[in-house]
Amino acid sequence: DCAVDCCGNAPRPEGARRSRFSRGDPLDPADRRSLARLAARVRNVESELPAISTLASMTRQATFSFTLAPTPEQAAVLCRHVGAARFAFNQCLRLVLNALGAKKEQPQAPVPWSGFDLINTFNAWKRSPEASSSEGETPGLAWREEVCQQVFEEAAVDLGRALEAFSAGRRGERKGKRPNMPRFKKKQTARRSFRLRNKGSGAKSAIRLGEGPTRSLRLPKLGVIAVRENTRKLRRMLGKGRAKIWFATVSQRVGGHWR
């Protein structure tokens, strides 16, 4: 057994000879090389200290799931947002296909492909006369103010990601099975969901927990919706500044439950 003192050094038995380093004897070349290698390792560790401190301050993403208990009126608005997300995805894809067809005749014609370009293209279309359902109405999509505009934007972002994955697969930059060209979503088979981004921070954020009843969630254009689970853990993390809500995904599960 070897005892170690508080500094991490093994006590020297009585009568043991002191080493040459402690006696002050000159070092031979082998010892000098050993010390040089040790000093180089120390310098390498010191150079990595900023990177280690940066990693320690990195954040991670976590998902909190709550079961919503909406009123009949709120459930109707949730269904309207689901339909708006599916409509925006299909319309953005239709605009892409139309642009690809025009590019065959005019090679210089632009094709919206990224999420940013798709958002701008859809916003321009929804205010144009082409989006009107009948003549004589105000130009633009008549019901666009009935849902949160972020639903349209997030659907365009989803299509942009799918198009980018399709392009990366064709270039051979994506591992695994090559993705196909995105298809139109059908009401019967598409997942009933939509996503909302959280704008603002603190008390001015668009998505808030515990506003009124503690078991509640506030969403833009939807108001305060009751939830079944306890929100204390997430509310405490938000109150202490340890967490921030980036977005909320609402989906309808089997049986009609909303989460």
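The basis for the numbers below is simple: all heavy atoms, side chains too, and nothing from hydrogens, waters or symmetry mates. Heads up: numbering here begins at 1 and tracks the sequence. Please read these numbers as outputs of a predicted model, since none were measured by experiment.
Expressed to the nearest 0.5 Å, how far CH2 of W113 lies from CG of D117 amounts to 11.5 Å. For the atom pair CG of L100 and CG of L95, the computed distance is 11.0 Å after rounding to the nearest 0.5 Å. Distance CG/L141 to CG/N123: 11.0 Å, rounded to 0.5 Å. Annotation: the span from F66 atom CZ to L234 atom CG amounts to 5.0 Å, rounded to 0.5 Å. Between atom CG of residue L238 and atom CD1 of residue I245 there is a gap of 5.0 Å, rounded to the nearest 0.5 Å.
Counting non-hydrogen atoms of neighbouring residues, nucleotides and ligands closer than 6.0 angstrom, the CD atom of E173 exceeds 12 such neighbours. The neighbour count for R94 CZ, taken as heavy atoms of other residues, nucleotides or ligands under 6.0 Å away, is above 12. Annotation: R171, atom CZ; neighbour count of heavy atoms from other residues, nucleotides and ligands within 6.0 Å is above 12. Atom CD of E130 has 12 or fewer heavy atoms from other residues, nucleotides or ligands within 6.0 Å.
In this structure a side-chain-to-backbone donor-acceptor pair under 3.5 Å is missing from K187 to R86. Checking side-chain atoms of E211 against main-chain N and O of R208 turns up no donor-acceptor pair under 3.5 Å. Checking side-chain atoms of H81 against main-chain N and O of F194 turns up no donor-acceptor pair under 3.5 Å. A donor-acceptor pair under 3.5 Å is absent between the side-chain atoms of R218 and the main chain of L209, judged by distance alone. Remark: side-chain polar atoms of T214 are not paired, donor with acceptor, to backbone N or O of G210 under 3.5 angstrom. Not one N or O on the side chain of R161 forms a donor-acceptor pair closer than 3.5 Å with the backbone of D158. N198 places no side-chain N or O within 3.5 Å of a backbone atom of F247 that could act as its donor or acceptor partner. Side-chain N or O atoms of E153 include none that pairs as donor or acceptor with a backbone N or O of G115 at under 3.5 Å. Formation of a donor-acceptor pair under 3.5 Å by the R178 side chain with backbone atoms of G169 is found in this model. T249 contributes no side-chain N or O that, together with a main-chain N or O of L196, makes up a donor-acceptor pair within less than 3.5 Å.
The minimum heavy-atom distance between S216 and V224, with the atom names listed, is CB-CG1, 3.6 Å. Of all non-hydrogen atoms in F89 and R183, the two that sit nearest each other are CE2-O, 3.5 Å. For the residue pair S132 and G140, the shortest heavy atom distance occurs at OG-N, 3.2 Å. Listed here is the closest heavy atom pair of C92 and A156: SG-CB, 3.9 Å. Residue K233 comes nearest to F64 through the heavy atom pair CD-CE2, 4.3 Å, listed as atom of the first residue, atom of the second, then distance.
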Worksheet item: Would F166 and N180 satisfy side chain to side chain contact (heavy atoms under 4.5 Å, CB included), going step by step from the backbone distance to the final call?
Response: CA-CA 6 Å; F166 171 72; N180 297 323; 5.6 Å; no
Discussion item. Does S114 form a side-chain hydrogen bond (donor to acceptor under 3.5 Å, both in side chains) with E164? I'd like the steps, not just the answer.
Written reply: CA-CA 7 Å; S114 65; E164 180 59 30; over 6 Å; no
Discussion item. Under the criterion side chain to side chain contact (heavy atoms under 4.5 Å, CB included), I'd like the reasoning laid out for R228 against L68: C-alpha separation, chi angles, the key distance, then a yes or no.
Written reply: CA-CA 6 Å; R228 297 181 180 178; L68 304 182; over 6 Å; no
Fill in: Steps toward side-chain hydrogen bond (donor to acceptor under 3.5 Å, both in side chains) verdict (R259, T67)
CA-CA 4 Å; R259 293 184 66 86; T67 303; 2.5 Å; yes
Fill in: Candidate pair C79 and R192, rule side chain to side chain contact (heavy atoms under 4.5 Å, CB included), full reasoning
CA-CA 8 Å; C79 293; R192 296 179 57 81; 3.5 Å; yes
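Applying the side chain to side chain contact (heavy atoms under 4.5 Å, CB included) criterion to K103, with sequence neighbours excluded, gives V111. Contacts of R253 classified as side chain to side chain donor-acceptor pair (under 3.5 Å), with partners at least two apart in sequence or in another chain: S251.
Using a 4.5 Å cut-off on side-chain heavy atoms (C-beta onward), R235 and N230 make contact. Proximity of R174 to P179: side-chain heavy atoms (C-beta onward) are separated by under 4.5 Å at one or more points. At least one side-chain heavy atom of F184 sits less than 4.5 Å from a side-chain heavy atom of L97. Taking the side chain as every heavy atom from C-beta outward, W258 and V82 approach each other to under 4.5 Å. Side-chain contact between P220 and I207: present, with at least one pair of heavy atoms (C-beta onward) separated by less than 4.5 Å. In this structure, the side chains of R195 and V250 stay at 4.5 Å or more apart for every pair of heavy atoms.
Ring pair W125/F87 is tilted by interplanar angle, where 30° to 60° counts as tilted.
When hydrophobic clusters are built by joining Ile, Leu, Val, Met, Phe, Trp and Tyr residues whose side-chain heavy atoms come closer than 4.5 Å, directly or via intermediates, F122 is not grouped with V151. Linking ILVMFWY residues whenever their side-chain heavy atoms come closer than 4.5 Å, directly or via other members, places L78 and V227 in the same cluster. F152 and I119 fall into different hydrophobic clusters, where Ile, Leu, Val, Met, Phe, Trp and Tyr residues are linked whenever their side-chain heavy atoms come under 4.5 Å apart, directly or through other members. Transitive grouping of hydrophobic side chains (ILVMFWY, heavy atoms separated by less than 4.5 Å) keeps V157 and L163 in distinct clusters.
Salt-bridge check for R80 with E73: failed, with every basic side-chain N at 4.0 Å or more from each acidic carboxylate O. Using a 4.0 Å cut-off between charged nitrogen and carboxylate oxygen, E154 and R197 count as a salt-bridge pair.
Evaluated for a side chain to side chain donor-acceptor pair (under 3.5 Å) with Q149, the options K126, K221, R144 yield exactly one hit, K126.
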